[in-house]
Protein chains: 2
Amino acid sequence: MKNRLKVLRAERNWSQQDLADRLEVSRQSVNAIETGRYDPSLPLAFRIADVFGTQIEDIFLRE
Amino acid sequence: MKNRLKVLRAERNWSQQDLADRLEVSRQSVNAIETGRYDPSLPLAFRIADVFGTQIEDIFLRE
DNA sequence: CCGATTTGTCAAGCCTCCTTTACAAAGTGG
DNA sequence: CCACTTTGTAAAGGAGGCTTGACAAATCGG
């Protein structure tokens with residue numbers, strides 16, 4: 001499952017740590033999701049969508 | 001995390017087994033999600049949205 | 001009322017998500 | 001060039017998602 005985290009983060013000039021802080025997860029989790037090592041849980045996917053002010057479907061892509 | 005699975009299933013007159021077959025998961029998984037024992041993984045949430053022809057946000061509700 | 005279907009739940013086991021600690025490589029700014 | 005920040009990755013452990021098999025309670029249709 002691909003995602004647009006890196007781009008969304010870059011648009012805001014946030015480090016992985018910045019995003020992790022906003023999501024209240026570890027930096028390693030952000031990195032793992034961003035590099036595709038695993039998908040977030042559904043609750044975390046909702047928090048990610050919230051942080052970027054968009055929908056889950058606009059960040060995570062079926063495929 | 002609440003969800004509208006039971007209603008969506010009722011609208012289509014599907015049993016939990018019918019839905020499980022369409023999602024390619026066990027009936028117990030459908031039941032556990034429906035009764036709120038746990039949330040689906042993100043990939044499964046996408047499949048659920050696909051089966052009902054809607055968005056994840058229209059099925060699963062924050063809180 | 002009876003048989004069949006549907007739903008709820010439990011247990012054991014495996015795999016995924018997320019954590020902390022830790023280290024190295026790569027990039028950034030004086 | 002040198003310190004500092006950022007990113008990638010690893011290992012070990014706890015919590016959660018999903019499986020199969022099983023059983024009982026509830027509901028449905030004749």
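Proteins get letters first, then strands, A, B, ... in listed order; numbering begins at 1 in each. All values derive from a computational prediction rather than experimental measurement.
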- Task: Assess whether side chain to side chain contact (heavy atoms under 4.5 Å, CB included) is satisfied between A:Met1 and A:Leu61, documenting all intermediate values.
- Result: CA-CA 6 Å; A:Met1 176 149 267; A:Leu61 312 172; over 6 Å; no
- Evaluate side chain to side chain contact (heavy atoms under 4.5 Å, CB included) for A:Asp50 paired with B:Arg62, printing each intermediate quantity in order. CA-CA 10 Å; A:Asp50 288 344; B:Arg62 291 165 180 76; 2.7 Å; yes
- Polar side-chain atom of A:Arg4 near backbone of A:Ile59 as donor-acceptor pair, under 3.5 Å: no
- Query: Is a side-chain donor or acceptor of B:Asn3 paired with a backbone partner of B:Ile33 at a separation under 3.5 angstrom?
  - Reply: yes
- Test side chain to side chain contact (heavy atoms under 4.5 Å, CB included) on B:Asp39 and A:Phe46 and set out the steps. CA-CA 12 Å; B:Asp39 298 316; A:Phe46 268 98; over 6 Å; no
- Message: With the threshold set at under 4.0 Å for non-hydrogen atoms, list the residues of residues 2-16 of chain A touching DNA chain D in residue-number order.
- Response: A:Lys6, A:Arg9, A:Ser15, A:Gln16
- Note on the structure: Residues of residues 50-60 of chain A with a heavy atom under 4.0 Å from any atom of DNA chain D, listed by number, are none
- How would nucleotides 16-30 of chain D be written as a contact map, 5' to 3', with B for base contact, S for sugar-phosphate-only contact and - for no contact, using protein heavy atoms under 4.0 Å? -SBBBBB--------
- Item | Whether over 12 other heavy atoms sit under 6.0 Å from B:Glu11 CD | yes
- Query: Does C:dT7 have OP1 or OP2 sitting under 4.0 Å from an N or O in the side chain of B:Asn31?
  - Reply: no
- Message: Just to verify, what does A:Arg37 make a side chain to side chain contact (heavy atoms under 4.5 Å, CB included) with, not counting sequence neighbours?
- Response: A:Asn31, A:Ala32, A:Thr35
- Kindly calculate the angle separating the two end axes of the helix from C:dC1-D:dG30 to C:dG30-D:dC1, each obtained from five base pairs, and round it to 10 degrees. 60°
- What's the spacing between B:Phe60 CZ and B:Ile48 CD1 if we round to 0.5 Å? 4.0 Å
- Message: Nearest 0.5 Å, please: how far is OG in B:Ser29 from CD in B:Gln16?
- Response: 11.0 Å
N/O to N/O distances under 3.5 Å, protein versus nucleotides 27-30 of chain C:
none

- Query: So, for B:Ala49 and B:Gln55, which heavy atoms are closest and what is the spacing to 0.1 Å?
  - Reply: CB-C, 4.0 Å
- What are the two closest heavy atoms between B:Ala45 and B:Ile56, and how far apart are they? O-CG1, 3.8 Å
- Query: With respect to B:Glu34, which candidate in B:Lys2, B:Arg9, B:Arg27 satisfies the salt bridge (Lys or Arg N to Asp or Glu O under 4.0 Å) definition?
  - Reply: B:Arg9
